[in-house]
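Below, chain A is the first sequence line, B the second, and so on; all start at residue 1.
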Number of protein chains: 2
Amino acid sequence: MTGQRHDLGATFVRLGRAMVAAEQPVLDELGIEMWDYVVLVALRDGPVHTQARLAAATGRDTTRLIPILDRLEGRGLLYRTPDPADRRNRIVELTAEGAELVTAGQAAIRRMEARLLAGLPEDERAGFISTLERVADLIAGPRDRL
Amino acid sequence: MTGQRHDLGATFVRLGRAMVAAEQPVLDELGIEMWDYVVLVALRDGPVHTQARLAAATGRDTTRLIPILDRLEGRGLLYRTPDPADRRNRIVELTAEGAELVTAGQAAIRRMEARLLAGLPEDERAGFISTLERVADLIAGPRDRL
DNA sequence: TATTGTTATACTCTATAACTATA
DNA sequence: TATAGTTATAGAGTATAACAATA
């Protein structure tokens, strides 16, 4: 019996899939898809001046990002304007409605996470989450900040 | 600034992708693909009497499993025999060579994991991994054992 | 008739390559 | 000429449906 524990990769992938599934009903309630949410969260802290940077920060490539932006812009959750400094670039920014939605969405997802982890003792839970963030930086590199 | 930390889903997915990428060179060295490895690991602890159960345990569906089994059988790493008790079923079992390869592969992957986590203090690392296993069972349910 | 394994078809998602506009 | 954004095409990956063998 070699494996007292499972491979980290298998465990992380499995956990990722389970969390995406758990987020689905929350996102359904908000009427947005997962990648919509990812983009909205990435934009929450301020406008971005090139879509390429936004694509890198969200792990999509630029071509896959475009339909997402089209949909969100059509719903009035964000808007794109040409950058006056270089009109090839587009400044992407949340509308007030978009900012409101991402705040409400993330709060709902945090509540869902808390429910899932309710079985863990409080101190173990806190320690796990803080180490998890460090491990993520260690293994996957620091996240692109916009 | 709402997010002192990132959503768990985003973090797990990112970590999963990073670990899969980190495993790639190890698997290349062994001459197998990721799903080959997943199947070999699942079979390590004993034969399975229906491919449907193997598919469920590895997260593939039966149709996607078949080309994987074909390839591994062709390389002599496992074999399929009709179940005498119910000849519709196929018993899938590792060959000696397959068992050897999965043992060597997992050892190499563990060494890779240890290198990636070398930046963590030993006790924090141990605590994290043990809590991670509990969290995985909590969130994704106990894993199908063959 | 129902189920296992298999094969074939359709669909979705992703990646690559052209096209437009600005520089 | 080079780059940002966009659109169109091709490819890989996945899911659905039909088929053969056995029960």
Whole-Å gap separating C1' (C:dA8) and CZ (B:Arg64)
17 Å
Nearest whole angstrom, please: distance from the C1' of D:dT14 to the CD1 of B:Ile68.
12 Å
Might you point out which heavy atoms bring B:His6 and A:Arg110 nearest each other, and give the distance in Å?
C-NH2, 3.6 Å
List for me each residue that meets side chain to side chain donor-acceptor pair (under 3.5 Å) alongside B:Ser130, sequence neighbours excluded, and say none if there are none.
none
How would you list, by chain and number, every residue that makes a ring pair (Phe, Tyr, Trp, His ring centres under 6.0 Å) with B:Phe128, sequence neighbours excluded?
A:Phe128
With sequence neighbours left out, write down each residue that passes salt bridge (charged side-chain N to carboxylate O under 4.0 Å, His left out) with A:Arg88, or none if nothing qualifies.
A:Asp86
Set out, line by line, the N/O atom pairs under 3.5 Å between protein and nucleotides 6-10 of chain D.
unit_1, atom_1, unit_2, atom_2, d
D:dT6, OP1, A:Arg80, NH1, 3.1
D:dT6, OP2, A:Gln51, OE1, 3.2
D:dT6, OP2, A:Gln51, NE2, 2.6
D:dT6, OP2, A:Arg80, NH1, 3.2

Distance below 4.0 Å between B:Arg53 side-chain N/O and C:dT4 OP1 or OP2:
no
I'd like a table of atom pairs between the protein and nucleotides 18-23 of chain D - only N or O on both sides, under 3.5 Å - with the distance next to each one.
unit_1, atom_1, unit_2, atom_2, d
D:dA23, OP1, B:Arg87, N, 3.1

Rounded to the nearest Å, what distance is computed from the CH2 atom of residue B:Trp35 to the C1' atom of nucleotide D:dT14?
12 Å
Can you name the residues that form a salt bridge (charged side-chain N to carboxylate O under 4.0 Å, His left out) with A:Glu100, not counting sequence neighbours?
none
Return the 5'-most residue of the pair A:Asp61, B:Asn89 with respect to DNA chain C, ranking by each residue's nearest nucleotide.
B:Asn89
Which residues pass the salt bridge (charged side-chain N to carboxylate O under 4.0 Å, His left out) test with A:Glu93, not counting sequence neighbours?
none
Does A:Arg125 have any salt bridge (charged side-chain N to carboxylate O under 4.0 Å, His left out) partners at least two apart in sequence or in another chain, and if so, which?
A:Glu122
What is the distance, rounded to the nearest whole Å, between atom CG of A:Leu65 and atom P of C:dC13?
16 Å
How would you list, by chain and number, every residue that makes a side chain to side chain contact (heavy atoms under 4.5 Å, CB included) with B:Ala99, sequence neighbours excluded?
B:Leu94
